[in-house]
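Okay, so here's the structure we're looking at.
Here is the naming used below: chain letters follow the sequence lines, and residue numbers restart at 1 for every chain. These numbers come from the heavy atoms of this one structure, side chains and all, not from hydrogens, waters or symmetry mates.
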Amino acid sequence: MAKTTYREAVRAALREAMRADPRVFLMGEDVGRYGGAFAVSLGLLDEFGPERIRDTPLSESGFLGAGIGAALGGMRPIVEIMTVNFSLLSLDQLVNNAATLRHMSGGQFSVPLVVRMASGGGRSLAAQHSHSFEGWYAHVPGIKVVTPATVADAKGLLLAALTEPDPVVILEHATLYPLEGDDTPDEPMQIGLAAVRRPGQHVTLVTYGGSLPKTLAAADALAKEGIEAEVIDLRTLRPLDIDTVLASVAKTHRAVVVDEMWKTGSFAAEVMAQIMERAFDELDAPVARVCSREVPMPYAKHLEEAALPQAGQIVTAAKGLL
Amino acid sequence: MNKEEIRTKALGVLAAVVPELEPAELAPDKSLRDQLDIDSVDFLNIVVGLAKTFGVDIPETDYRHLYTLDSLVAYLAGRAKG
Amino acid sequence: MTDFLMPKLGADMTRGRLVEWLKKPGERIARGEVIAVVETDKANVDVESWVAGTLEKILVEPGGDWLPVGTPLAVIAAEAGAEAGAPPAFAAAPAAAAPVTVPRQPPPPDVAPGAPPPRAPLPAAAPAAGGERVPVSPIARKRAGELGVDLASVRGTGPGGRITLEDVERAARERPAAAPAAPAADKRQRMRDAIAAAMARSKREIPHYYLGTTIDMSRALAWLATANAKLPVTERLLAGVLLVKAAALALREVPELNGFWIDGRAQASASIHAGIAISLRGGGLVAPAIHDADKLTLAALSQRLTDLVARARAGSLKSSEMTDPTGTITSLGERGVEAVYGVIYPPQLALVGFGKIVERPWAVDGTVVVRPVVTATLSGDHRATDGHRGALYLDAVARLLQEPEKL
């Protein structure tokens, strides 16, 4: 079977959804004629035309608000925001409107909105294009937060998001777009389930999104030293499938949580807290985490690498628990 | 009852009061009190035990004969005969 | 239903280990009957039940780990109408001596009805030599409880010396199959630790005052020699019995010295339970009680004293004997010591000491004669009494010993 990239898998999901449902449309900065900042929507304008592949002004709050309005009006909008850094401009729309309207209308309105955005560092794009704020979104009740880390999930979870009656935020780590995979699903997956990406019995490595490849590399390195790490990909941050994490911790009794947010207040902190709340008596060592250094993301390649979590740090953290 | 039998039975009485007693390590001609670290209450318990075991009364004035294992056996042998 | 708890057999007992059950589930228990043997840092103790009823369920099997005082060991179905009372000595109870049994408490409000009973307390972290807390991982602690592994005996191999699950499971595997008899050296060390804790507490908290007086023992010894000459060996009295009786009777006259210091004030005890300091061969000390020593005849007191000493040294004391002393009597005269100024066993109020009975020149009516004398001493808690009360007490002891026939 031909290899598919993560980028192609997202595009395939967009294409299939738009072919299947005339209510689905995509809008965002440069998604049309340019084909998307990360070339995800390349070619879709030709197939679906400017009514359904809509270029927007540089106004995240404005076009996300338009997406909310379209969703309230019965459409199935997909809003692409170029990076999670820029999405902060539209936080008000998402947090105060999209996440609340079902609640505030007593269930009369729903906002079936899908918001896709690139996130994360590793591409020398400096401190305004490289951060990770998925934990901020996962903090908010009323929206679901999805972090596909594999080619299959890139398609299957996007298809799933389009079946949700409420807003779904999908964070696509930008370093994953060229990732190749063999198999992509034809059907929507289920949001809210974590996956064991590698079984092991000595230590649990919990991660999601762009940190999954690094964590799997760390597990390979640990295996060479006889340490079998179990790697869990959370896939969805809200609702969080903590049960899969707890089941693994019950087996290994040790956990390292890896994410790319700044350490203080990272999503890893939430995972650690829940492990300690619910599996304290299973722990044979303190729960550890590997996160980004607490600096604005540097531009220089070597400094950026030093700021981001790397496989070597994950190996060191895991060995520190044994 | 010969002296060996008396010695064996007497050691049994001592062991009942001093469970830590190692008969093999007991010097027969040295002070029982020093070797067994016994006090007057232990000693009274030993005298009572000996009296019951050998069916003899042991007046207080005879306590001085019970100083070592050897003298104790000799004393009991004499009392048993008498 | 009543929980039978790990008893507190002395002010400084914090933990105990179940050695043996003397009753099986379903068997009847009389009030005051010995139903279990518990190992403390100082001795194996026969533990009595203070409720009558039926042994419903055993919660802790013998040979397990050290358990904190207050851990439920068994459930007793109390007899209908039976009074689930505290043991008699606890009527004037020292708070430090928790009742052996307590009625089962209603569940705390946050436990739903029908919820499983709370788990037995988990073993405490092993203190390191320097008294520092040795880190133990949560699951290691939990598994140690399940496997009955004493964390104090486990060497931690995790980061920072943490005791890990693997360490506990290794310790459990390497443990002899049978309930391990603690090596004698361990037992001695535990007893030293217990004595160290009690005596350090005493000297830290109790402002001692010390008094001494020399008592003419000629009348007492003459009376004793006459009496013993007529008695068969089994009923023969030791001089020590006269001393204990006199010391106990004198406490009646000065009751302020008999009892406990609890919650910042002295609480006198109506009963006089004489704690007898008994040194153990190989080291160590216990001070179990002769109950109501002031009321016993000399013959009965002698019987109790010889029995108590024998059992203390054989390691089979009863729980009430450990918990009940209202004062302690010690004698070091056996090895020639003439005076002993003792350390009060907290939370008691006083300790009476006797030295060796020795012959000394003694002035009587202007003439020097040779008399057997003994030095009696009193260590008193100055928070509870002053030297004057102590002086009255020693005076009473001396007077009582001049009329041995009345003892």
**Study point:** Main-chain N/O of B:S40 paired to C:E334 side chain as donor or acceptor, under 3.5 Å
**Key:**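 At least one qualifying donor-acceptor pair exists.
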
Point to revise | Between C:I278, C:V309, C:D307, the one whose heavy-atom pairs under 4.5 Å with chain B are most numerous | key: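 Most pairs with chain B among the choices: C:V309.
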
Check your understanding: Is it the side chain or the backbone of B:E20 that comes within 4.5 Å of chain C heavy atoms, both, or neither?
Key ->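 Side chain of B:E20 only, per the 4.5 Å heavy-atom cut-off to chain C.
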
Review point. Is it the backbone or the side chain of B:D62 that comes under 4.5 Å from a heavy atom of chain C, or both, or neither?
Key: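 For B:D62, neither part sits under 4.5 Å from chain C.
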
Quick one: of [options], who has the most non-hydrogen atom pairs under 4.5 Å with chain C?
{"options": "B:D42, B:L36, B:I58", "result": "B:D42"}
{"options": "B:D39, B:V48, B:L44, B:I38", "result": "B:D39"}
{"options": "B:N45, B:L50, B:T61", "result": "B:N45"}

Check your understanding: Looking only at heavy atoms, which two atoms of C:R335 and B:R33 are closest? And how far apart?
Key ->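 It is NH2-O, 3.2 Å.
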
Exercise for review: Provide the closest heavy-atom pair for C:V233 versus B:A51 in the form atom of the first, atom of the second, distance.
Suggested key: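 For C:V233 and B:A51, the tightest heavy-atom pair comes out as CG1-CB, 3.2 Å.
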
Check your understanding: Is the number of heavy atoms from other residues, nucleotides or ligands within 6.0 Å of OH (B:Y67) greater than 12?
Key ->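 No, not enclosed.
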
Point to revise | C:R313 and B:D37 ion-paired at < 4.0 Å | key: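 Answer for the salt bridge query: no.
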
